[in-house]
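See below for the structure under consideration.
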Amino acid sequence: MANTPILLTLMLSILLTFTSIIIPSFSCPIHQKQALLHFKSTLTSIYNSKYSDKFVELDSWNSTSNCCSWERVNCSTTGSVTELQLSGVATPPPPDFEQVPISSDILTPLFHIRSLERLDISFNYFEGEIPGDGFGNLTKLLHLDMWENNFNGSIPSQLFQLTNLRYLDMSSNSLEGKLGPELASFRKLTTLRLFDNRFQGPIPAQLFALESLQHLDLSDNKLEGPLSPEIGKLRNLEILTPIFLIRSLEVLDISVNFF
Ligand SMILES: *[C@@H]1O[C@H](CO)[C@@H](O)[C@H](O)[C@H]1NC(C)=O
Ligand SMILES: *[C@@H]1O[C@H](CO)[C@@H](O)[C@H](O)[C@H]1NC(C)=O
Ligand SMILES: *[C@@H]1O[C@H](CO)[C@@H](O)[C@H](O)[C@H]1NC(C)=O
Ligand SMILES: *[C@@H]1O[C@H](CO)[C@@H](O)[C@H](O)[C@H]1NC(C)=O
């Protein structure tokens, strides 16, 4: 009787060993691994040319291991890369803080990872225009966060091909131009954050047809003109600005614009 727990433990460990053998552990596709290593080597060489400290981020990204086991990377059950969490990856740790200018070209290899569903490149101060052709490739994206970079120019038309997006944050960049009717293609969006840019002109009525929208932040831009009564169509939103307090809207921040 006293042996029962030991016996159980033994059986359990045999079972676990057996299970780990029969469940294959999928490795990420070689071209996805190479794309990630390419991104890392560009970043490392830019960083090391500027700072005396060795680049320490992405240490786990090495060519001998499965990229699904790397930090900041998640894969599907079949081993394709679905998530990259690259927030602040190019930002030097204190006490440096001074940012090396990094062109948005650095993102090029990532556009070959078509299985991506979540991509966070916030807080990297990447500069230049948003690479439209590249992002247009990532049609599986559900979540795209580009907050706090130095992207300039207007929103490239290819971005509107990402019709599965639920979450889009392009806040705190230097983006300009009008917000066009193309916004209507983001049918599934629940969050749209564009604050702290240089967008101008009126808010297109098509924005108010995005029925799933729950969070909208257009503040700190140069948007202007009368606010369309269509705004009342956004039943899932809650407007929280002092000027426009309308029924069930969750968060709509359009302060510091020129209405
Ligand atoms: C690569 O990473 C794995 C685990 O992440 C580690 O065991 C291995 O030693 C690393 N290889 C090299 C060459 O650094
Ligand atoms: C990956 O998945 C784990 C477990 O679900 C989660 O905690 C983590 O935030 C995900 N993202 C990254 C980039 O590791
Ligand atoms: C889009 O993906 C295809 C296939 O992976 C690739 O050949 C092409 O270069 C990608 N386009 C861009 C702009 O990255
Ligand atoms: C964006 O910034 C880059 C420099 O980072 C500059 O060469 C380019 O002309 C700018 N583009 C626009 C549309 O302002």
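For ligands, and for the atoms within them, numbers begin at 1 and follow the listed sequence. None of these values were measured; they are calculated from a predicted model.
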task: Answer yes if the side chains of Glu176 and Asn197 hold a donor-acceptor pair under 3.5 Å, and no otherwise.
output: no
message: I need the nearest protein heavy-atom contact for atom 5 (O) of ligand 4: residue, atom name and distance, please.
response: Glu127 OE2, 3.4 Å
statement: Distance col, row Thr91:OG1 vs Asn124:CG, nearest 0.5 angstrom, shows 5.0 Å
field: Atoms of ligand 2, numbered as shown, that sit under 4.0 Å from any heavy atom of Arg72
entry: 13 (C)
Numbered atoms of ligand 4 (with element) below 4.0 Å of Gly153, judged on heavy atoms: 13 (C)
query: To the nearest 0.1 Å, how far is atom 3 (C) of ligand 2 from its closest protein heavy atom, and which atom is that?
result: Asn74 ND2, 3.6 Å
- prompt: Using a distance-only test with no angle check, is there a side-chain donor-acceptor pair under 3.5 angstrom linking Ser174 and Asn152?
  reply: no
message: Quick test of your reading of the structure: of Asn152, Ile102, Asn150, whose heavy atom lies closest to atom 12 (C) of ligand 4?
response: Asn152
- request: Examine the side chains of Asn48 and Ser45 and answer whether a donor and an acceptor come within less than 3.5 Å of each other.
  value: no
- request: Assign the ring pair Trp61 / Phe39 to parallel, tilted or perpendicular, where the plane angle (0 to 90°) is split at 30° and 60°.
  value: tilted
query: Under 4.0 angstrom from atom 9 (O) of ligand 2, is there any protein heavy atom?
result: no
query: Of the protein's non-hydrogen atoms, which lies at the shortest distance from atom 13 (C) of ligand 2, and what is that distance?
result: Gln85 CB, 3.3 Å
Contact partition for Glu83 relative to ligand 2, non-hydrogen atoms under 4.0 Å: side chain
query: Any non-hydrogen protein atom below 4.0 Å of atom 1 (C) of ligand 4?
result: yes
message: Looking only at the side chains, is there a donor atom on one of Asn164 and Lys140 sitting less than 3.5 Å from an acceptor on the other?
response: no
- prompt: Can we say Arg72 and Glu57 salt-bridge, meaning some charged N sits less than 4.0 Å from an Asp/Glu carboxylate O?
  reply: yes
